[in-house]
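Here's the structure, in C-alpha cells; my notes come after.
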Amino acid sequence: MGKFIHEWKKSHGAGELRAQHEGQTVVLMGWVDATRDHGKAVFVDLRDRSGLCQVVFDAADIGDEGFELAGGLRQEYVVAVRGTVRKRAGKPNPNLSSGEIEVLAANLELLNRSAPMPFPVADEVDAGETTRLRYRFLDLRRGPLQHAMITRSRAAQVARSHFDAEGFLEFETPILTRSTPEGARDYLVPSRVSAGTFYALPQSPQLFKQLLQVAGYERYYQIARCFRDEDLRADRQPEFTQIDIEMSFVSPDDVMDVCGRMVSKMFTELRGAGVPDPIPRISYAEAMSRYGVDNPDVRFEMELEDITEKAATCDFKVFSAVASAGGRVIGLCVEGGAKMSRKDIDALTDFVKTYGAKGLAWVKRSGDDLSGPVSKFVDDSLRSALLGDMKMKDGDLGLFIADGDASVALTAAGRLRAHLGQTLGLVSPGSFGFVWITDFPMFERDDETGRLVAMHHPFTAPKEEDLHLLETDPLAVRTSAYDIVVNGQEIGGGSIRIHDQAVQSRVFRALGIEEEEARAKFGFLLDALSFGAPPHGGLAFGFDRLISILVGSDSIRDVIAFPKTTRAACLMTQAPSQVDGAQLEELGLQLKK
RNA sequence: GGGGUGGUAGUUAAGUUGGUUAUAACGCCGGCCUGUCACGCCGGAGGCCGCGGGUUCGAGUCCCGUCCACCCCGCCA
C-alpha cells in the first residue's frame, strides 16, 4: 500500500488518452466511475478531471491478488493503475473521448475507499439540492459543476489579463472595514481589542477604490468579495464576487468601452458568442417606457405601449379613472396570444398581482372582431390605440395594466413582458442580448420613510446640466450612472463619481444626511476629495451572475463552489453556528435572554 | 416580514373515501458471468412516513403548531 503514489507518477489524464498512445505504458490515478464485473474480466471506468478511460482487468494479465482487488472496486474508490494502452478489443465507445482505446491493467493500487454515495457522480442526477448541498464536495465532482468552476476560473483569467493589458493594477482592499449608512444591511464583526465596537464586512470596495484614485493609481481592479445581509434569491448570495474597476480622468464612454471589451472577450472566448460592438445604449427613461424595467431583455420585441390618453375617454371605468387620476394604462400586444385560454390569462393576472397590479384587462382580436370582457367598452379612440399604437393583428391578444401609480403599472407590465418572453419561448436558447442603460435618476423616494435615497449610491456624480436642480427638484436630477444588462439581467453597473467636496456635501444634504453626520461617517472621503481628487469613475460586474449566464444556469449557487441556502446557511459546514460563552465573553458580548 | 410549492428506504418517487405486513425504481450487500460501457442474471438487507401536539377504536393520509429546502413579493444594486 502506498507504493505507487510514491514510486509512480500519474502520467496522463484518463480523458486524454487516444489511439496515438497505443502501446505506451501509462499510470492513471483517479476515481472509479463505474465497474462492470464479468467474472474473469472486470471493466472499470476511471475518472479524473480530464475525463473517463476504460481500464480492463483480465485475470490472465494481472494475477490473482490484483484481480481480486479489482473485483472489490466500488464507485468512487480512488485507485492508481499501471497498464498498457491498446486498441479496444471490443467495440469502440463513441460516447467517450478515449473511446477508441482502453488500458490493460498490469498493476492496481487501491489509494482509498469510498462510503456508498448519497447520489451518483453523473451529469444528470435526480437528488434534490438539499442533499447535494450537504455533500457539496461530491456534487462538485459532477460534470456540470466542474464545467462551471472551470468557466469561472477562465473568466477570472480573462478579466485579469484584459485589465492588466489595459494598464490596470490589481489591489486588495480591507475585508474588515467600517459600517456606513445607506445601502444594504451590514455583516458585523465584533472587535475584541476595542470591546463594544464593530467592523463591517464590505458591501463593495466602493470607497477604497475611489481613495486609490485620489492616491494617484489611475486604474484599479480587483476580483472582490462583497457581503450583504439581505434576504436571498436565486441570483443573490450573502457573499458574492465582483469584478471591480475604477479609473481616473475618464468619461462614461471610456468606462463603458473598456468594460464592454472585457465582456466581449469573455463571451467570445468562453461561449463563442458574438457581442455587438459597440453594445447598444438606451437611457433609463427610454428603458422604462419601452420595457417597464431598467434591466430589459432585448432579445425580443413586444414593447410596452402607453395608451393612457386614448383610454381616458372610454366607458371602462378602470381605464378612465386611472387616466384622470394621473395614472397610466399600459398595453402589451401578445402576437398570436388570442389562443390563450381563460385559465392562462388568469395565471397571468395572478402573476401581475404580485407586483402590486390590481388586475389584468384583456382583449382578443379575431378578424375585425374584438372579444373579451373589455371589448364592449372599446370606442373609436381606444380602438385606434389597440389597432394603431399597439398594432394588434388578427389572432393577437392585448393585455392591459392600469394603475393610479405610474411606476406600478410600468413595473407590472415590464415584469409581465419578461415573463411572457420566457414562457412563450420568444427568446431562442443560447442567444444573448446586450444593452447599456444610461442616465439613471440620482434619487428615488423611499416609500416607507418618504425620504430621498440614492438610486445607485451617494457618490454618483449628477449630470453637469442637472446640478442646479439638486436643491429645487432633486427627483429630476440625472446621473452619469450606467448598467450593463444581458438577457434581462443586470451584470454590472457603475458611474462617474463626485470628485468635488462641495458637490458631495450638497448630495449628502439632499439625502438628509447632516454635515456633522457626514463628517462622522464619511470624513475620510470628504478629506480625500479636498486633497486634489482627480475626476474618476468605474464599474463593478456581478461575477457570479456573469458566470451563471455564461454556463446557462438559473441560479448563481451553481457557479459558486460552496454556496449558502436562502436562509444564508451552509448545509455542509452547518454555518452559522453557536459559539462558546468564552468567545462571547472575550468580545464583551452577551446574548439577549 | 408576506405569499406559494415540497419533505415517505441511501436517492428519486407512488401511497385511493383514514383500515391489517407502507410500495417501486435506482443504489447497497451476497452469488454467478471474458467484451461490457446505464452490462446482465439470481437472491437479500434496508423506514422516527421532517419534528411536536390533537381528532379517532385506528393517522403516511384529517386538524393545529413548528423546522428545513426551493421560488416569488418586500428588502437588496
Side-chain angles (χ1 to χ4, degrees), chain A residues 33-46 52-61 67 71-72 74-76 88-96 98-99 102 104 114-120 122-135 138 182-186 203-204 206 226-238 240 242 294-295 350-357 411-412 415 419 437 440 444 446-448 453-457 460 481-485 489-495 539-542 545 554-555 557 564-567 569 571:
Chain A
D33 197 69
T35 60
R36 294 174 291 279
D37 187 342
H38 284 238
K40 292 289 187 297
V42 176
F43 300 93
V44 169
D45 292 336
L46 187 69
L52 288 182
C53 180
Q54 173 164 285
V55 178
V56 186
F57 298 92
D58 192 315
D61 289 275
F67 190 73
R74 296 292 179 268
Q75 274 187 24
E76 301 306 310
R88 287 219 178 184
K91 285 185 201 141
N93 184 344
N95 301 320
L96 288 185
S98 63
E102 63 191 7
L104 180 65
S114 168
M117 297 288 286
F119 52 87
D123 287 358
E124 299 282 338
V125 85
D126 52 14
E129 197 171 6
T130 310
T131 309
R132 292 190 288 114
L133 284 175
R134 182 170 164 211
Y135 299 99
L138 300 180
E182 292 266 333
R185 206 173 286 119
D186 285 321
Q203 296 179 22
S204 81
Q206 182 60 37
C226 307
F227 306 85
R228 291 177 190 165
D229 185 8
E230 296 292 345
D231 289 345
L232 307 179
R233 289 290 157 69
D235 63 350
R236 292 201 319 233
Q237 283 275 301
F240 61 99
Q242 289 185 342
D294 64 3
N295 56 344
D350 290 340
F351 177 83
V352 297
K353 281 181 177 171
T354 65
Y355 295 93
T411 301
R415 294 294 162 200
H419 177 72
I437 311 298
F440 280 79
E444 59 192 338
D446 185 322
D447 287 334
E448 276 174 35
V453 293
M455 196 159 182
H456 188 54
H457 55 55
T460 304
Y482 32 81
D483 278 0
I484 182 166
V485 173
Q489 285 197 71
E490 182 210 321
I491 58 159
S495 64
L539 180 143
F541 289 100
R545 286 184 190 178
D554 291 329
S555 164
R557 288 190 298 273
K564 293 184 175 59
T565 67
T566 52
R567 288 188 71 260
L571 298 182

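Naming convention: chains lettered A, B, ... in sequence-line order (proteins, then strands); numbering from 1 in each chain. In this text the structure is predicted, and so the values were computed from the model without any measurement.
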Does a side-chain N or O of A:Arg134 approach OP1 or OP2 of B:C68 to a distance below 4.0 Å, or not? no

What's the separation between atom OG in A:Ser204 and atom CZ in A:Phe240, rounded to the nearest 0.5 Å? 7.5 Å

Atom-to-atom span, NZ of A:Lys353 to C1' of B:G4 - whole angstrom: 15 Å

Could you tell me how far B:A13 sits from B:C49 if I compare only their C1' atoms? Round to whole Å. 13 Å

Does B:U36 have its OP1 or OP2 closer than 4.0 Å to a side-chain nitrogen or oxygen of A:Gln54? no

For A:Glu129 and B:U12, what is the distance between atoms CD and P respectively, to the nearest whole Å? 12 Å

Can a side chain N or O of A:Arg36 be found less than 4.0 Å away from OP1 or OP2 on B:C39? yes

Separation of atom CZ in A:Arg233 from atom P in B:C75, rounded to whole Å: 10 Å

Suppose you measure atom C1' in B:A59 against the same atom in B:G52; what distance do you get, rounded to whole Å? 15 Å

For a quick check, tell me whether the side chain of A:Glu230 and the base of B:G74 share a donor-acceptor pair closer than 3.5 Å. no

When you compare B:G44 with B:C57, how far apart are their P atoms, in angstrom units rounded to a whole number? 40 Å

Can A:His38 be said to stack with the base of B:C39, given centres closer than 5.5 angstrom and planes under 30 degrees apart? yes

Of the nucleotides B:U34, B:A77, B:C70, which one has an atom closest to the side chain of A:Thr566? B:C70

If only side-chain N and O atoms of A:Thr354 are considered, is one of them under 4.0 Å from the OP1 or OP2 phosphate oxygen of B:C72? no

Pick the C1' atom in B:C70 and in B:U16, then give their distance to the nearest Å. 29 Å

For B:C49, which nucleotide in any strand shown is its Watson-Crick or wobble partner with both distances under 3.5 Å? none

B:G6 pairs with which nucleotide, Watson-Crick or G-U wobble, both distances below 3.5 Å? B:C68

Mind checking the C1' distance from B:G3 to B:U23? Whole angstroms is fine. 35 Å

Counter-base of B:G60, judged by Watson-Crick or G-U geometry with both distances under 3.5 Å: none

Going by purine N1 to pyrimidine N3 plus the second Watson-Crick contact, or the G-U wobble pair, all under 3.5 Å, which nucleotide sits opposite B:C39? none

Strand partner of B:U17, provided both Watson-Crick or wobble distances fall under 3.5 Å: none

Between P on B:U36 and CG on A:Leu96, what's the gap in Å once rounded to a whole number? 15 Å

Flag yes if more than 12 heavy atoms outside A:Asp554 fall under 6.0 Å of its CG atom; otherwise flag no. no

Drop me the distance from A:Asp45's CG to A:Glu102's CD, to the nearest 0.5 angstrom. 11.0 Å

RNA chain B: 5'-proximal contact among A:Gly183 and A:Lys564 (nearest heavy atom): A:Lys564

Is atom CZ of A:Arg236 surrounded by more than 12 heavy atoms (other residues, nucleotides or ligands) closer than 6.0 Å? yes

Write down the distance between NZ (A:Lys40) and P (B:G31), rounded to a whole number of angstrom. 14 Å

Of all heavy-atom pairs linking A:Arg557 and A:Glu129, the shortest is NE-OE2, 2.6 Å

What is the nucleic acid contact for A:Ala127, judged by heavy atoms within less than 4.0 Å: base, sugar-phosphate only, or nothing? sugar-phosphate

5′-ward residue of the pair A:Ala34/A:Phe440 relative to RNA chain B: A:Ala34

Consider the side chain of A:Asp126, meaning its heavy atoms from C-beta on, and name the nucleotide among B:U34, B:A77, B:U11 that approaches it most closely. B:U11

Tell me if the aromatic rings of A:Phe440 and A:His456 count as close, with their centers under 6.0 Å from one another. no

Considering only B:G35, B:U11, B:C28, which nucleotide approaches the side chain of A:Phe43 most closely? B:G35

For the side chain of A:Asp37 and the base of B:C33, is some donor closer than 3.5 Å to an acceptor across the two? yes

Could you walk me through whether A:Asp186 and A:Gln203 pass the side-chain hydrogen bond (donor to acceptor under 3.5 Å, both in side chains) test, one step at a time? CA-CA 7 Å; A:Asp186 285 321; A:Gln203 296 179 22; 2.6 Å; yes

With no angle test and no hydrogens, is the base of B:C76 tied to the side chain of A:Arg228 by a donor-acceptor pair under 3.5 Å? no

Looking at B:U34, does its base get a donor-acceptor pair with the side chain of A:Asp58 below 3.5 Å? yes

Check every strand shown and say whether A:Ala59 touches a base, only sugar-phosphate, or nothing at a heavy-atom separation below 4.0 Å. nothing

Of all the choices, B:G35, B:C37, B:A69, which nucleotide is nearest to the side chain of A:Arg567 once you look at every atom? B:A69

For the pair made of CG in A:Leu133 and C1' in B:A69, what is the distance, rounded to whole Å? 9 Å

Using a heavy-atom cut-off of under 4.0 Å over every strand shown, decide if A:Gln237 touches base, sugar-phosphate, or nothing. nothing

Would you classify A:Gly542 as touching base, sugar-phosphate or nothing, given that sugar-phosphate means primed atoms plus P, OP1 and OP2, and contacts are heavy atoms under 4.0 Å? nothing

Under 4.0 Å between a side-chain N/O of A:Arg557 and OP1 or OP2 of B:C71, yes or no? yes

Please state the C1' separation for the pair B:U36 and B:G50 - nearest whole angstrom. 42 Å

At 4.0 Å (heavy atoms only), tell me whether A:Phe119 reaches a base, stays on the sugar-phosphate, or touches nothing. nothing

Mind checking A:Arg74 for me? I need base, sugar-phosphate or nothing, with any heavy atom below 4.0 Å counting as a touch. sugar-phosphate

Please report, rounded to the nearest Å, how far the P atom of B:C76 is from the CG atom of A:Leu232. 14 Å

So does A:Thr130 get a side-chain nitrogen or oxygen closer than 4.0 Å to the phosphate oxygens (OP1/OP2) of B:C68? no

Specify the closest pair of heavy atoms between A:Ile437 and A:Asp294, including all atoms of both residues, with the distance to one decimal. CG1-O, 3.5 Å

Test for a donor-acceptor pair under 3.5 Å between the base of B:C75 and the side chain of A:Asp231, counting only N and O atoms. no

For B:U56 and B:G15, measure between their P atoms and round to the nearest Å. 28 Å

Euclidean distance for C1', B:A24 against B:G2 (whole angstrom): 39 Å

From CD1 (A:Ile484) to CG (A:Asn295), nearest 0.5 Å: 13.0 Å

May I ask you to say what A:Phe351 touches in the nucleic acid, namely base, sugar-phosphate or nothing, with a heavy-atom cut-off under 4.0 Å? nothing

Using only modelled atom types and a 3.5 angstrom limit, is any donor from either the side chain of A:Arg88 or the base of B:U36 paired with an acceptor on the other? yes

From CZ of A:Phe67 across to P of B:C33 the rounded distance in Å is 10 Å

